[in-house]
There are 2 protein chains.
Amino acid sequence: MKKRVSLKDIADVVGVSTSLVSYVLNNKGKENRVSEETAKRIREVARELNYQPNQIARSLKSQRSQSIGLIVADISNPFFSNMARTIEDEAHSRNYTVIFGSSDENSTKLKKVLDFLTTRQVDGFIIAPTEGCEETVRELMKNKTPFVLIDRYFESLSANYVIIDNFQASRDAVSHLLEKGYTRVGLVSYRSELIHFRNRVRGYEEALKNAGITPDAKYVKEVSYDTFETEMKKAVRELIFEDKAEAIFFCTNTLAIEGLKQIFGLGRKVPEEIDVVAFDQSIAYDFFEYFIPHISQPIKEIGQEAVRVLLEQINGENEGDARICLKAKLKSHPAPADELKTA
Amino acid sequence: MKKRVSLKDIADVVGVSTSLVSYVLNNKGKENRVSEETAKRIREVARELNYQPNQIARSLKSQRSQSIGLIVADISNPFFSNMARTIEDEAHSRNYTVIFGSSDENSTKLKKVLDFLTTRQVDGFIIAPTEGCEETVRELMKNKTPFVLIDRYFESLSANYVIIDNFQASRDAVSHLLEKGYTRVGLVSYRSELIHFRNRVRGYEEALKNAGITPDAKYVKEVSYDTFETEMKKAVRELIFEDKAEAIFFCTNTLAIEGLKQIFGLGRKVPEEIDVVAFDQSIAYDFFEYFIPHISQPIKEIGQEAVRVLLEQINGENEGDARICLKAKLKSHPAPADELKTA
DNA sequence: TTCAAAAGCTTAAACGTTTAAGCAACTGGG
DNA sequence: CCCAGTTGCTTAAACGTTTAAGCTTTTGAA
């Protein structure tokens with residue numbers, strides 16, 4: 001790596017001290033009584049030498065790295081990579097850099113990544129918390145580390161978050177099924193105490209009750225994150241063969257994709273033999289003869305709000321809590337062509 | 001943000017100089033003749049105070065930020081987000097952090113992101129170069145900035161890269177179609193001079209020639225990155241209605257997805273009425289009644305090799321060039337269930 | 001007993017910035 | 001023509017590390 005040009009290099013060429021150069025290049029020449037002549041010369045030389053400020057040195061002095069850490073379950077999950085993209089754009093436009101890490105829904109890994117990025121002095125975090133990471137989050141609060149949770153939150157902690165109304169969204173999704181006249185509707189979720197999953201189940205139950213149906217535990221299947229493929233096989237089989245389910249609500253995009261694979265694997269037709277509604281969009285939905293109705297999350301808005309809330313915290317503008325809950329809508333018809341790009 | 005504990009804090013508690021603390025915590029106590037007793041005490045206090053080294057300060061001193069910049073076309077594209085994930089894992093395991101940026105296939109944006117990350121003193125870059133960014137890459141070489149190109153490269157530049165053999169892969173893909181007896185095979189690619197696209201077209205032509213068919217320009221459709229949806233519509237219609245194509249080779253995952261949408265939109269059956277082969281995997285392929293044969297890129301290997309090559313360069317271990325070309329294989333049958341996860 | 005070597009520490013400089021404080025030379029009102 | 005105020009700069013310290021160099025004190029062989 002070629003030696004980068006520093007303030008000192010410019011100072012030497014112009015024949016002044018580094019302070020003057022610093023003042024001028026930070027547009028503080030006027031208030032520090034730098035003559036216009038010298039200022040001009042400094043700017044000239046800076047351009048000639050292609051000076052780029054050393055953010056590391058700046059950070060050391062200012063105690064600000066101008067970077068934020070983004071920790072999600074898995075950056076290769078479309079939901080999170082789309083989120084990452086909007087966060088990137090938003091952060092860059094505010095002169096912040098994004099460093100990312102994946103937790104794999106594992107609280108130990110989350111802690112590890114968090115520590116790793118903390119060492120790098122990121123100014124704050126945007127975190128999709130895993131199950132069982134309350135202690136870690138509590139520590140962040142204790143240290144007054146700026147952060148904002150996304151996608152999930154903890155009722156027991158008064159932390160900032162940006163989420164969607166999972167209860168309402170699920171209720172809408174399941175109601176959409178029930179309006180078709182089904183009475184035996186299954187649900188597949190992850191086996192998790194994370195509140196967003198709990199709320200999705202609650203929304204499902206609420207929809208049933210509203211339709212005069214008493215929720216039955218046998219229709220609620222939970223699979224674990226690490227082995228969901230095999231468990232999904234079992235769940236789908238049970239729902240179809242034993243419970244005679246007429247429709248299934250899948251609580252995430254990964255679950256829906258895997259569940260649909262299993263349904264097709266059994267040779268069942270959607271929606272004639274088994275109907276389906278899903279949470280989150282997937283590129284795959286555009287291809288079924290039957291459009292899969294699904295909850296479409298406002299990913300862009302979540303990302304933008306998260307960055308906004310975080311930067312407010314970092315800049316000390318936001319002493320109260322920012323608990324933002326957005327609405328997610330059910331999409332029951334294919335998007336017009338020009339909207340597909342962002343799906 | 002709570003004040004972080006520094007070497008000085010530990011030094012004050014123990015009653016020694018910061019140097020000693022630094023030596024001990026960097027395991028250089030022995031060679032600097034620190035008594036085992038003092039060393040022990042220092043380690044104790046460091047643990048008690050939960051000392052975390054300040055990487056910014058370290059970076060300033062060492063001129064190494066221990067971070068790498070990853071610049072791809074769009075992090076929300078599954079190909080790149082999967083790549084990002086393997087690069088993240090690989091980098092973290094070697095104590096490097098990953099900062100990312102998207103170029104949107106736009107050379108001006110690429111330069112902007114590159115400059116932005118350069119200011120942050122990243123130690124090197126992994127870049128998926130855009131069309132027309134040769135000058136920018138040349139400048140990196142001139143500055144001796146460590147970097148490695150992925151996915152694409154430039155014949156005119158002797159830069160390090162990790163790519164796949166696009167020529168061979170495309171030839172295999174198209175040959176697979178031709179073996180079924182088709183004679184009118186179309187191709188849809190991006191309108192781009194990037195070598196990987198050129199090689200995919202060359203591979204297609206080679207396959208035709210090998211089968212005794214003279215390539216005909218009318219079967220080669222090119223669409224532009226920014227408006228490919230509308231252009232795809234036109235291209236697919238032309239291939240089917242005017243050129244009477246029996247099969248189409250799509251040169252990327254995004255093109256295949258959009259192309260298939262158009263084909264289905266026209267009510268055409270795959271493969272009976274129009275056969276298809278694609279470049280890159282997509283989660284969507286698992287759902288067609290007919291499995292879409294496609295080129296499966298060794299994403300994990302590309303990412304790992306890229307990090308390896310880059311770090312060798314950063315550490316000055318790699319003076320010669322590292323031009324790595326991996327093989328990509330045609331997948332013409334569904335993957336067994338346990339491989340789907342990484343698809 | 002002498003003193004070179006070893007042991008155990010400290011000092012100081014450096015990395016590239018920022019910024020408060022200080023200094024010298026000039027200006028102009030009385 | 002005196003000196004307060006202004007102008008235009010420099011000095012120095014600080015951020016948290018690393019590390020070469022230096023300074024005592026102790027040790028032990030001759």
Side-chain angles (χ1 to χ4, degrees), chain A residues 1-43 45-46 49-66 95 118-123, chain B residues 1-43 45-46 49-66 95 118-123:
Chain A
M1 186 89 84
K2 200 177 73 173
K3 203 195 157 305
R4 307 272 318 279
V5 355
S6 71
L7 286 185
K8 179 132 204 332
D9 297 324
I10 301 176
D12 288 349
V13 172
V14 180
V16 294
S17 67
T18 58
S19 323
L20 266 206
V21 181
S22 173
Y23 286 135
V24 170
L25 298 184
N26 288 301
N27 293 319
K28 296 184 181 169
K30 283 268 144 52
E31 57 231 78
N32 287 283
R33 303 174 315 214
V34 181
S35 73
E36 191 39 55
E37 202 181 352
T38 314
K40 207 174 142 194
R41 182 94 185 89
I42 287 173
R43 278 189 287 263
V45 174
L49 299 185
N50 187 29
Y51 170 74
Q52 304 275 59
N54 182 326
Q55 180 64 38
I56 296 275
R58 225 175 226 182
S59 295
L60 182 59
K61 178 71 185 163
S62 67
Q63 305 292 77
R64 295 288 204 83
S65 65
Q66 294 287 124
N95 202 31
T118 300
T119 293
R120 309 316 236 259
Q121 320 298 120
V122 300
D123 293 337
Chain B
M1 186 89 83
K2 202 176 71 173
K3 202 194 157 306
R4 307 275 316 280
V5 357
S6 72
L7 285 185
K8 181 134 201 333
D9 297 324
I10 301 178
D12 287 350
V13 172
V14 180
V16 293
S17 68
T18 58
S19 321
L20 267 207
V21 181
S22 173
Y23 286 137
V24 170
L25 298 182
N26 286 302
N27 294 318
K28 295 186 180 168
K30 283 271 143 49
E31 44 229 87
N32 288 283
R33 304 175 314 216
V34 181
S35 73
E36 191 39 55
E37 202 181 350
T38 314
K40 208 174 140 193
R41 181 96 186 87
I42 288 173
R43 277 189 287 261
V45 174
L49 299 184
N50 187 28
Y51 171 74
Q52 304 275 60
N54 182 325
Q55 180 64 38
I56 296 274
R58 224 175 226 182
S59 295
L60 183 58
K61 180 68 185 165
S62 67
Q63 304 292 76
R64 295 287 204 84
S65 64
Q66 294 288 123
N95 201 32
T118 299
T119 294
R120 309 316 234 257
Q121 318 300 119
V122 301
D123 294 337

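Chain A is the first sequence line, chain B the second, and so forth, proteins listed ahead of strands; every chain is numbered from 1. All values derive from a computational prediction rather than experimental measurement.
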Touch class at under 4.0 angstrom, heavy-atom based, for B/Ser62 against every strand present: nothing
Interatomic distance where CD belongs to B/Gln55 and P belongs to C/dC15 [whole Å]: 19 Å
Position toward the 5' end of DNA chain C (nearest nucleotide), B/Val16 or B/Gln63: B/Val16
Candidate pair A/Arg4 and B/Thr118, rule side chain to side chain contact (heavy atoms under 4.5 Å, CB included), full reasoning: CA-CA 10 Å; A/Arg4 307 272 318 279; B/Thr118 299; 4.2 Å; yes
Under-4.0 Å side-chain N/O to phosphate OP1/OP2 contact, A/Lys28 with C/dT18: no
Donor-acceptor pair under 3.5 Å, A/Ser35 side chain vs D/dT7 base: no
Heavy-atom side-chain proximity of B/Ser6 to B/Asn54 below 4.5 angstrom: no
Between P of D/dG8 and CD1 of A/Ile42, the distance in whole Å: 13 Å
Distance below 4.0 Å between B/Arg33 side-chain N/O and C/dA6 OP1 or OP2: no
Sugar-phosphate only, base, or nothing, as touched by B/Lys8 at under 4.0 Å among non-hydrogen atoms: nothing
Short side-chain N/O contact from A/Tyr51 to OP1 or OP2 of C/dG16, under 4.0 Å: no
OP1 or OP2 of D/dT10 under 4.0 Å from side-chain N/O of A/Ser17: yes
Tell me which donor-acceptor pairs under 3.5 Å the side chains of residues 29-39 of chain B have, and how far apart each pair is, sequence neighbours excluded?
unit_1	atom_1	unit_2	atom_2	d
B/Asn32	ND2	B/Lys28	O	2.9
B/Ser35	OG	B/Thr38	N	3.2
B/Ser35	OG	B/Thr38	OG1	2.6
B/Glu36	OE2	B/Arg43	NH2	3.0

Minimum side-chain heavy-atom gap A/Leu25-A/Ile10 below 4.5 Å: yes
Residue closer to the 5' end of DNA chain D, A/Lys61 versus A/Glu36 (nearest nucleotide): A/Glu36
Phosphate contact (C/dT19 OP1 or OP2) by A/Asn32 side-chain N/O below 4.0 Å: no
Presence of donor-acceptor pair under 3.5 Å, side chain of A/Ser19 and base of C/dT19: yes
Side-chain N,O (A/Asn54) to OP1/OP2 (C/dC15) below 4.0 Å: no
